[in-house]
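This report refers to the structure that appears directly beneath it.
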2 protein chains.
Amino acid sequence: MQEQIIRKLFLGFIKIHILHHAKKEPFFGSWMIEELQGHGYDMSPGTLYPILHKMESKGLLEIEEKNVEGKIRKYYKITNQGIEVLEEAKRKAFELFKEIKD
Amino acid sequence: MQEQIIRKLFLGFIKIHILHHAKKEPFFGSWMIEELQGHGYDMSPGTLYPILHKMESKGLLEIEEKNVEGKIRKYYKITNQGIEVLEEAKRKAFELFKEIKD
DNA sequence: TTTTTGATATCGCATCCCGATATTATAAAG
DNA sequence: CTTTATAATATCGGGATGCGATATCAAAAA
């Protein structure tokens, strides 16, 4: 199956996953790459990090730098606006699911 | 809520809707615009038509021209490959839904 | 003939995706 | 104490994509 098409189809799914995890608890970039792989989404750092930056600059996520074993990691957590977007995404995802299931 | 982000989040949803409807029965472009509006997705022709062309050139949809009241309409119906992609989308949508619900 | 309407097509700019590559910092190896 | 390895994050180039605005095209209505 053409990967080109599939990826684009699911980019929104991936971003919703990101918001969802960011709401559960703060995460850092390379953890998210592995998490997404567990869901069958292969994502290179060159794709993920710009997405995180964008979501942060748009106010959906915010960064908290933590010092972990001497190394600085950037943890992303969800903002109030991010929560709103996630809620809207849930509604839309539910509606989509209702329509296409069977 | 920022429309820029929201739109991108849901573009995949929209394409899945398109595949779903194309499987139920052939549709034509401007009908789909209204259908999507019914789901809360505003989509201009300048966005939809290139997407239909792309999905057709990638083999997810195929075109059948019908003469309706003297005018030619292009009806899109799903292909076998399109069905495969739709099935994959259903699986992924279900998985997403399971994870983010409640 | 002119205007309107419905459907489809295209243009241009800004944005975005993503593989490849680079950067930074610490730990481990020699 | 250099060198190498490893983990995490950042950036670059270019090709694709989204989308508002605008155009085309054909038939019906005025």
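Just so you know, these numbers come straight off a predicted model, no measurement behind them. In what follows, chains are A, B, ... by sequence order, proteins preceding strands, each numbered from 1.
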When you get a sec, tell me which of D:dT11, D:dA8, D:dT17 is the closest nucleotide to the side chain of A:K8?
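Closest nucleotide to the A:K8 side chain: D:dT17.
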Residues A:E95, A:R91; criterion salt bridge (charged side-chain N to carboxylate O under 4.0 Å, His left out); working and verdict:
CA-CA 6 Å; A:E95 196 193 348; A:R91 282 191 290 275; over 6 Å; no
For B:I72, answer base if it contacts any base atom (sugar-phosphate contacts may also be present), sugar-phosphate if it contacts only those atoms, and nothing otherwise; contact means non-hydrogen atoms under 4.0 Å.
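Here B:I72 touches no strand at all.
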Is A:L11 touching bases, backbone alone, or none of the nucleic acid, heavy atoms closer than 4.0 Å?
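Result for A:L11 = sugar-phosphate.
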Taking atom CG of B:N67 as the centre, report whether more than 12 heavy atoms of other residues, nucleotides or ligands fall under 6.0 Å from it.
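Atom CG in B:N67 is packed in, count exceeds 12.
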Roughly how far, to the nearest 0.5 Å, is [atom2] of [Y] from [atom1] of [X]?
X: A:K74; Y: A:Y76; atom1: NZ; atom2: OH; value: 6.0 Å
X: A:E56; Y: A:E62; atom1: CD; atom2: CD; value: 8.5 Å
X: B:L96; Y: A:I14; atom1: CG; atom2: CD1; value: 10.5 Å
X: B:T79; Y: B:L19; atom1: OG1; atom2: CG; value: 8.5 Å
X: B:M32; Y: B:I18; atom1: CE; atom2: CD1; value: 5.5 Å

Which residues, if any, of residues 14-43 of chain B bring a heavy atom under 4.0 Å of DNA chain C?
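Contacting residues: B:F28, B:G29, B:S30.
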Grab the two heavy atoms, one from [X] and one from [Y], that are nearest each other, plus how far apart they are.
X: A:K58; Y: A:Q81; answer: O-OE1, 3.3 Å
X: A:P45; Y: A:P50; answer: O-CD, 3.8 Å
X: A:I33; Y: A:L48; answer: CG1-CD2, 3.4 Å
X: A:I100; Y: B:K90; answer: O-CE, 3.0 Å
X: A:P26; Y: A:K77; answer: CG-CB, 3.9 Å
X: B:R7; Y: B:D42; answer: NH2-O, 2.9 Å

Strictly below 4.0 Å: does B:R7 bring a side-chain N or O up to OP1 or OP2 of D:dC19?
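Yes, such a contact exists.
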Phosphate OP1/OP2 of D:dG18: any B:K54 side-chain N/O under 4.0 Å
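For D:dG18, neither OP1 nor OP2 has a side-chain N or O of B:K54 closer than 4.0 Å.
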Protein-nucleotide distance ([X], atom [atom1]; [N], atom [atom2]), rounded to Å:
X: B:I6; N: D:dC19; atom1: CD1; atom2: P; result: 12 Å
X: B:L52; N: D:dC19; atom1: CG; atom2: C1'; result: 14 Å
X: A:H53; N: D:dA8; atom1: NE2; atom2: P; result: 15 Å

First and last nucleotide of DNA chain C touching chain B, 5' to 3', heavy-atom cut-off 4.0 Å?
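Footprint of chain B along DNA chain C, 5' to 3': C:dG6 to C:dC16.
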For the residue pair B:H21 and B:H39, categorise the inter-ring angle as parallel (less than 30°), tilted (30 to 60°) or perpendicular (more than 60°).
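Geometry flag for B:H39 against B:H21: tilted rings.
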What protein N or O atoms touch nucleotides 21-23 of chain D N or O atoms at under 3.5 angstrom, if any, and at what distances?
none

Which pairs with one or both residues in residues 41-65 of chain A pass ring-ring contact (aromatic ring centres under 6.0 Å, His included), sequence neighbours excluded?
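Residue pairs passing ring-ring contact (aromatic ring centres under 6.0 Å, His included), neighbours aside: A:H17-A:Y41.
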Charged tip of A:K92 within 45° of B:F13 ring normal and under 6.0 Å
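That pair does not qualify as a cation-pi contact.
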Helix axis bend for the helix from C:dT1-D:dA30 to C:dG30-D:dC1 - C1'-based end axes, five pairs, 10° rounding:
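Comparing the first five pairs with the last five, the axes sit 10° apart.
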Do any N or O atoms of the protein come closer than 3.5 Å to N or O atoms of nucleotides 25-28 of chain D, and which pairs are they?
| from | atom 1 | to | atom 2 | distance (Å) |
| --- | --- | --- | --- | --- |
| D:dA27 | OP1 | B:G70 | O | 3.4 |

